[in-house]
S.K.: 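My questions will all concern the structure given below.
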Amino acid sequence: MGTAPSSAKVAAAFKHPEPKEVPKENKYYLQNLDGYKEMRQQARQDGDVQATLLDGDLFKAFNESYSNDGKIDLKEAQGPIYDKIKDGRLGKEELTCNERWTIRYALGEFKWEYDARQFIMNSMHTLDVLDTADKKLTDKDGVFKALRGPSLKELQEPATKKGPGASEDLVLVDGMLLDKGMLLAVKEAVSDDGVVDAREAVKIFLAAADTDNVLTRCERWTFRFILSSNEFTDAAFNFLREALQKLTENDSHEA
């Protein structure tokens with residue numbers, strides 16, 4: 001494996017799916033990838049944990065699994081990856097907000113087999129899900145929103161409550177302000193059979209591309225959330241990853 005990429009390459013990691021070494025901020029966390037820290041701090045609420053960086057050991061498990069043969073399969077997802085996901089404090093099987101976003105980053109970064117994607121998405125519901133303040137979510141609705149986001153009905157309603165930095169086009173989801181239009185497109189796509197197919201993936205792509213064919217940082221993180229919270233056919237999953245990577249990118253936090 002080569003030397004660590006420059007900071008510019010790390011910031012643009014969304015377009016570079018090849019296995020790589022990513023510098024660590026400290027023992028536990030990666031250096032800031034694609035403005036994750038800034039995206040989290042933009043939506044920060046009172047009581048939220050101070051650490052807003054991706055999990056270093058978990059990302060290493062994704063990276064090493066991918067490096068074996070250019071994809072992540074079910075055996076790797078059930079083995080070394082899941083071992084790191086469930087590795088909580090004091091032996092508890094917990095899932096923190098930073099770990100969830102590390103999973104989401106990996107889903108957009110690496111090639112996955114269908115069964116592996118489904119296992120990871122479903123396994124998150126079996127753990128103690130912690131909120132952005134590292135407190136266990138005890139109600140099913142809170143867990144569902146952290147893992148799957150707002151419902152179709154909620155996204156269709158006019159915005160009434162706005163968190164820090166929120167606007168008509170942004171919605172607060174699991175500690176980050178995401179593109180409301182993209183979330184709405186995917187919820188409408190799965191409203192019939194619960195699965196995003198290739199035809200429906202085109203609608204999600206158009207919601208991300210807008211009229212300028214520019215993919216903002218906000219839209220990139222929204223895309224990662226969508227991949228982790230919905231079931232896609234392989235054709236739809238691969239189309240979105242490849243099509244969105246061809247768009248021009250900028251670091252705007254706007255939708």
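Count residues from 1 along the sequence. Side chains included, hydrogens not; waters and symmetry mates left out as well; all remaining heavy atoms used.
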S.K.: So, using salt bridge (Lys or Arg N to Asp or Glu O under 4.0 Å) as the criterion, who are the partners of Arg40 when residues are at least two apart?
M.R.: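 Salt bridge (Lys or Arg N to Asp or Glu O under 4.0 Å) check on Arg40 returns nothing, list empty.
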
S.K.: Answer whether the closest heavy-atom distance between the side chains of Asp169 and Lys180 falls below 4.5 Å.
M.R.: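 No. Closest side-chain heavy atoms not under 4.5 Å.
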
S.K.: Keeping Thr216 on the side-chain end and Ala255 on the backbone end, is there a donor-acceptor pair under 3.5 Å?
M.R.: no

S.K.: With heavy-atom distances below 4.5 Å as the criterion, would you say the side chains of Ser65 and Pro80 are in contact?
M.R.: yes

S.K.: Mark yes or no for whether Asn98, through its side chain, and Ala51, through its backbone, hold a donor-acceptor pair below 3.5 Å.
M.R.: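 Yes; judged by distance alone, with no hydrogens or angles, the pair exists.
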
S.K.: Hey, any chance Val202 and Phe223 share a hydrophobic cluster, counting ILVMFWY side chains that come within less than 4.5 Å of each other, even indirectly?
M.R.: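 Shared cluster, yes.
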
S.K.: Is Met121 reachable from Met182 through a run of hydrophobic residues whose side-chain heavy atoms are each under 4.5 Å from the next?
M.R.: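 No.
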
S.K.: What's the shortest heavy-atom distance between Leu170 and Cys218, and which atoms?
M.R.: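 Smallest heavy-atom distance, with atoms named: CD2-SG, 3.6 Å.
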
S.K.: Just verifying a value: how many Å separate Asp55 CG and Lys60 NZ, rounded to the nearest 0.5 Å?
M.R.: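 One gets 12.0 Å once the value is rounded to the nearest 0.5 Å.
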
S.K.: By salt bridge (Lys or Arg N to Asp or Glu O under 4.0 Å), which residues pair with Asp210, not counting sequence neighbours?
M.R.: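 None.
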
S.K.: Looking at Arg117 and Leu107, would you say the former's side chain and the latter's main chain have a donor-acceptor pair under 3.5 Å?
M.R.: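 No, the answer is negative, given that no donor and acceptor are paired below the 3.5 Å cut-off.
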
S.K.: Tell me whether Leu130 shares a hydrophobic cluster with Met124, the cluster being built from Ile, Leu, Val, Met, Phe, Trp, Tyr side chains joined at under 4.5 Å.
M.R.: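 They do not share one cluster, since no chain of ILVMFWY contacts under 4.5 Å joins Leu130 to Met124.
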
S.K.: Charged N to carboxylate O under 4.0 angstrom, Arg220 versus Asp251?
M.R.: yes

S.K.: Can you give me the closest heavy-atom contact between Val49 and Arg44, atom names plus distance?
M.R.: O-NH1, 2.8 Å

S.K.: How long is the straight-line distance from CG of Asp128 back to OG1 of Thr138, given to the nearest 0.5 Å?
M.R.: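 If I round to the nearest 0.5 Å, the distance is 10.5 Å.
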
S.K.: What distance separates Ile81 CD1 from Gln78 CD, expressed to the nearest 0.5 Å?
M.R.: 10.5 Å

S.K.: Could you tell me whether the side chains of Asn63 and Glu109 share a donor-acceptor contact shorter than 3.5 Å?
M.R.: no

S.K.: With Ala198, which residues qualify under side chain to side chain contact (heavy atoms under 4.5 Å, CB included), at least two apart?
M.R.: Ala235

S.K.: What closest approach, in Å, do Ile120 and Ser123 show between heavy atoms, and which atom pair accounts for it?
M.R.: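 Result for this residue pair: O-OG, 2.9 Å.
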
S.K.: Has Thr222 got a side-chain atom pairing as donor or acceptor with Asp179's backbone, closer than 3.5 angstrom?
M.R.: yes

S.K.: Taking Trp101 for the side chain and Tyr36 for the main chain, is one N or O donor matched with an acceptor at less than 3.5 Å?
M.R.: no

S.K.: Examine distances only and state if a side-chain atom of Asp115 and a backbone atom of Leu74 form a donor-acceptor pair shorter than 3.5 Å.
M.R.: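 Side chain of Asp115 to backbone of Leu74, a donor-acceptor pair under 3.5 Å: no, none is there.
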
S.K.: Take Thr233 and Val196 through the side-chain contact (heavy atoms from CB on, under 4.5 Å) test and state the conclusion after the steps.
M.R.: CA-CA 6 Å; Thr233 64; Val196 180; over 6 Å; no

S.K.: My understanding is that only residues two or more places apart in sequence, or in another chain, count here; which of them pass side chain to side chain donor-acceptor pair (under 3.5 Å) with Thr52?
M.R.: none

S.K.: Let me confirm one number: the CD1-CG distance from Ile226 to Leu178, rounded to the nearest 0.5 Å.
M.R.: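 These two atoms lie 8.5 Å from each other.
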
S.K.: Using every non-hydrogen atom in the two residues, find where Ala201 and Leu240 come nearest and quote the distance to one decimal.
M.R.: O-CD2, 3.5 Å

S.K.: Provide the full list of salt bridge (Lys or Arg N to Asp or Glu O under 4.0 Å) pairs with a residue in residues 69-86, sequence neighbours left out, each pair given once.
M.R.: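 For residues 69-86, and leaving out neighbouring residues, the salt bridge (Lys or Arg N to Asp or Glu O under 4.0 Å) pairs sorted by first residue read Asp69-Lys71, Lys71-Glu113.
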
S.K.: Who pairs with Lys145 by salt bridge (Lys or Arg N to Asp or Glu O under 4.0 Å), at least two apart in sequence or on another chain?
M.R.: Asp141, Glu154

S.K.: For a salt bridge (Lys or Arg N to Asp or Glu O under 4.0 Å) check, start with the C-alpha distance between Asp34 and Arg224, then their side-chain angles and the critical distance, and finish with the verdict.
M.R.: CA-CA 12 Å; Asp34 198 14; Arg224 293 165 179 139; 2.9 Å; yes

S.K.: Sequence neighbours left out, what passes ring-ring contact (aromatic ring centres under 6.0 Å, His included) with Phe232? Give chain and number order.
M.R.: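 Checked Phe232 against ring-ring contact (aromatic ring centres under 6.0 Å, His included); zero matches.
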
S.K.: What is the ring orientation for Trp221 with Tyr105, classed by angle as parallel under 30°, tilted 30 to 60°, or perpendicular over 60°?
M.R.: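 Trp221 and Tyr105: tilted rings.
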
S.K.: Not counting sequence neighbours, which residues clear ring-ring contact (aromatic ring centres under 6.0 Å, His included) with Phe119? List them please.
M.R.: Tyr82

S.K.: Give, for atom CD of Glu200 and atom CG of Asn230, the distance between the pair rounded to the nearest 0.5 Å.
M.R.: 10.5 Å

S.K.: Any side-chain heavy atom of Thr248 within less than 4.5 Å of one from Asn213?
M.R.: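 Result no, sub-4.5 Å side-chain heavy-atom pair not found.
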
S.K.: Give a yes or no answer on whether the side chain of Glu242 reaches the backbone of Phe239 with a donor-acceptor pair at less than 3.5 Å.
M.R.: no

S.K.: Looking at Lys92 and Asp87, does any basic side-chain N land under 4.0 Å from a carboxylate oxygen?
M.R.: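 A salt bridge is absent here (no side-chain N lies under 4.0 Å from a carboxylate O).
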
S.K.: Thr96 versus Asp134: any side-chain heavy-atom pair under 4.5 Å?
M.R.: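 Side-chain contact under 4.5 Å: yes.
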
S.K.: For Asp48, enumerate each residue passing the salt bridge (Lys or Arg N to Asp or Glu O under 4.0 Å) test, keeping only those at least two apart in sequence or located in another chain.
M.R.: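 If we apply the salt bridge (Lys or Arg N to Asp or Glu O under 4.0 Å) test to Asp48, skipping adjacent residues, there are no hits.
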
S.K.: Please answer: with hydrophobic residues joined when any side-chain heavy atoms are less than 4.5 Å apart, are Leu206 and Leu183 in the same cluster?
M.R.: yes

S.K.: Flag the pair Leu147 / Leu95 as yes when at least one side-chain heavy-atom distance between them is below 4.5 Å, and no otherwise.
M.R.: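 In contact.
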
S.K.: Return the set of residues passing side chain to side chain donor-acceptor pair (under 3.5 Å) with Gln118 (not counting sequence neighbours), or none when no residue passes.
M.R.: none

S.K.: For residues 93-102, which residue pairs qualify under salt bridge (Lys or Arg N to Asp or Glu O under 4.0 Å), counting only residues two or more places apart or in two chains?
M.R.: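 For residues 93-102, and leaving out neighbouring residues, the salt bridge (Lys or Arg N to Asp or Glu O under 4.0 Å) pairs sorted by first residue read Arg89-Glu94, Arg100-Asp174.
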
S.K.: If two hydrophobic side chains count as joined below 4.5 Å and joins carry through other members, does Leu137 share a cluster with Phe144?
M.R.: no

S.K.: Give the table of side-chain donor-acceptor pairs shorter than 3.5 Å for residues 184-192, with sequence neighbours excluded, one pair per line with atom names and distance.
M.R.:
residue, atom, partner, partner atom, Å
Lys187, NZ, Arg148, O, 3.3
Ser191, OG, Glu188, O, 2.7

S.K.: What are the two closest non-hydrogen atoms of Leu244 and Leu215, and how far apart are they?
M.R.: O-CD2, 3.7 Å

